[in-house]
Amino acid sequence: MSIEDRDDLLFKALGHRTRRTMLDALREGPLTTGALCDLLPRLDRCTVMQHLNVLEEAGLIIAEKRGRERWNHLDALPIHGIHERWIGPYAAYAAHMLSRLKKRVESSPSARQKA
């Protein structure tokens, strides 16, 4: 699977409020599917499982069977990959531009007169 295909799955998974709610809950630690159903009482178990399948397909959760229970673990590595590819470089660029603006403002004649 290409990087673009993986990113598409990841952004699709993150694009739904319910799935983000599930990931936020899993950030605290692994939860059973039943616990996630309790967290989302407006959804039936089948719908919760469909959302979990999308998250698993995107690599955001790892499901572990223990007896009759399915434990869902957050895998934050794909989100870190998005940060590395998209957020980090743009944040560095924004910080650089703010630094340039600050220097320009501080070196302007009006800024020197106030000092």
Check: Is a donor on one side and an acceptor on the other found under 3.5 Å between the side chain of S107 and the backbone of K103?
Finding: yes
Notebook entry, point to check: Taking T21 for the side chain and R17 for the main chain, is one N or O donor matched with an acceptor at less than 3.5 Å?
Noted result: yes
Next item on the list: Verify side chain to side chain contact (heavy atoms under 4.5 Å, CB included) between M22 and L40, making sure each step is shown before the conclusion.
Entry: CA-CA 9 Å; M22 294 170 134; L40 303 161; 3.8 Å; yes
Checklist line | Minimum side-chain heavy-atom gap E69-K65 below 4.5 Å | finding: no
Notebook entry, point to check: Any side-chain heavy atom of V105 within less than 4.5 Å of one from L101?
Noted result: yes
For [X] against [Y], the heavy-atom pair lying closest together:
X   : Y   : result
A13 : A58 : CB-CB, 3.7 Å
D38 : P41 : O-CD, 3.5 Å
H73 : P30 : ND1-CG, 3.2 Å

Note to self: Any carboxylate oxygen within less than 4.0 angstrom of a Lys/Arg side-chain nitrogen, looking at R66 and E64?
What the structure shows: yes
Check: Under the side chain to side chain contact (heavy atoms under 4.5 Å, CB included) criterion, do T18 and R42 qualify, and how do the steps go?
Finding: CA-CA 11 Å; T18 298; R42 69 188 190 289; 3.3 Å; yes
[X] with [Y], same ILVMFWY side-chain cluster at under 4.5 Å:
X   : Y   : answer
V54 : M49 : no
L98 : I87 : no
L31 : I62 : no

Next item on the list: Kindly compute the distance separating NE2 (H16) from CZ (R20), expressed to the nearest 0.5 Å.
Entry: 8.5 Å
Margin query: How long is the straight-line distance from CD1 of I61 back to CH2 of W71, given to the nearest 0.5 Å?
Written below: 13.5 Å
Next item on the list: Applying side chain to side chain contact (heavy atoms under 4.5 Å, CB included), name anything that partners D24, two or more places apart in sequence or on another chain.
Entry: R27
Next item on the list: Taking side chain to side chain contact (heavy atoms under 4.5 Å, CB included) as the test, write out the residues that go with N53, two or more places apart.
Entry: E56, R70
Next item on the list: For the pair E106 and R104, evaluate salt bridge (charged side-chain N to carboxylate O under 4.0 Å, His left out) and give the outcome as yes or no after the intermediate values.
Entry: CA-CA 6 Å; E106 288 174 346; R104 184 179 296 158; over 6 Å; no
Next item on the list: Given side chain to side chain contact (heavy atoms under 4.5 Å, CB included), test H51 with T47 step by step and report yes or no.
Entry: CA-CA 6 Å; H51 284 297; T47 303; 3.9 Å; yes
Checklist line | Residue from D75, L52, L77, L14 passing side-chain contact (heavy atoms from CB on, under 4.5 Å) with L60 | finding: L14
Next item on the list: Test side chain to side chain contact (heavy atoms under 4.5 Å, CB included) on R85 and I3 and set out the steps.
Entry: CA-CA 11 Å; R85 181 175 177 188; I3 291 173; 3.6 Å; yes
Notebook entry, point to check: Side chains of N72 and T33: is there a donor and an acceptor less than 3.5 Å apart?
Noted result: yes
